[in-house]
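Taking it in order: structure first as structure tokens, then the write-up.
Positions are given from 1, in the same order as the sequence printed here.
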Amino acid sequence: AVSNADGDRIPVLVLGLGACGQGAAVTIENAVFRPPLGSTGIGVAYFTIRSGKADKIIAVSSPEAERIEIHASVTQGGNVSMKQLQTVDLPAGETVRFAPGGMHLMVFSPRESVSNTAFPITIELESGAKQTEAFPAISGGMEPRS
């Protein structure tokens with residue numbers, strides 16, 4: 001974990017991509033999970049991810065949920081809707097942000113036993129890297145910090 005300017009500790013995960021050479025690591029930061037509100041049964045997760053080389057998120061999953069989908073908020077003609085994405089490009093050296101109003105993970109039917117502490121989400125990359133990150137749970141009214 002590292003500390004931000006406010007002194008808050010932020011978990012950091014680095015994925016090794018095997019024998020791909022220098023600069024090939026993937027870093028995940030600012031991971032948060034917002035448990036379902038009311039009876040919706042759908043939670044949401046946000047994070048930032050940065051890859052040292054061009055790669056692609058090809059799947060997300062959790063043993064603690066029915067399924068997880070990648071979604072993006074799309075505005076067309078003044079209407080906002082969500083579109084499911086099958087993959088997300090990770091350009092080399094650029095930070096890709098999953099945040100309110102943009103890309104996010106929709107977590108369907110998460111188990112309640114984990115929704116109040118931390119929630120495990122596995123991110124799979126086209127390069128073959130696969131890592132599970134513990135997403136700390138936050139209350140519904142908070143926005144993740146950037």
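Summarising the geometry, atom CE belonging to M103 is positioned 4.5 Å from atom CZ belonging to F98; distances are rounded to the nearest 0.5 Å. In this structure, CD1 on I138 lies 7.5 Å from OH on Y46, to the nearest 0.5 angstrom. In this structure, the separation between OG1 on T27 and CD1 on I49 is 8.5 Å, given to the nearest 0.5 Å. Taken from OG in S62 to CZ in R111, the straight-line distance is 9.0 Å, to the nearest 0.5 Å. Rounding to the nearest 0.5 Å places CD1 of I57 at 5.5 Å from CD1 of I70. For the atom pair CD of E69 and CZ of R67, the computed distance is 4.5 Å after rounding to the nearest 0.5 Å.
A heavy-atom distance below 4.5 Å is not found between the side chains of T132 and I121. The side-chain heavy atoms of P36 and P110, taken from C-beta on, include a pair separated by under 4.5 Å. Side-chain atoms of V26 and S51, non-hydrogen and from C-beta on, do get closer than 4.5 Å to each other. A heavy-atom distance below 4.5 Å is found between the side chains of I123 and L125.
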For residues 73-82, which side-chain donor-acceptor pairs fall under 3.5 Å, sequence neighbours excluded?
none

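For the side-chain contact (heavy atoms from CB on, under 4.5 Å) test, residues two or more places apart in sequence or in another chain that qualify with I42 are T40, M106, F108. Taking the ring-ring contact (aromatic ring centres under 6.0 Å, His included) definition, one finds that F135 meets it with F47, sequence neighbours left out. Contacts of Q86 classified as side-chain contact (heavy atoms from CB on, under 4.5 Å), with partners at least two apart in sequence or in another chain: Q84. Checked against salt bridge (charged side-chain N to carboxylate O under 4.0 Å, His left out), E66 has no partners two or more places apart in sequence or in another chain.
Minimum interatomic distance between A92 and G52 (heavy atoms only, all atoms of both residues): CB-O, 3.9 Å.
Looking at R50 and T95, their side chains do bring a donor and an acceptor atom within 3.5 Å of each other.
Residue pairs meeting the salt bridge (charged side-chain N to carboxylate O under 4.0 Å, His left out) criterion with at least one member in residues 72-94, sequence neighbours excluded, are K56-D89.
I58 and I28 end up in different hydrophobic clusters when Ile, Leu, Val, Met, Phe, Trp and Tyr side chains are linked at under 4.5 Å.
Counting only distance, with no hydrogens or angles, the side chain of N30 and the backbone of T48 share no donor-acceptor pair below 3.5 Å.
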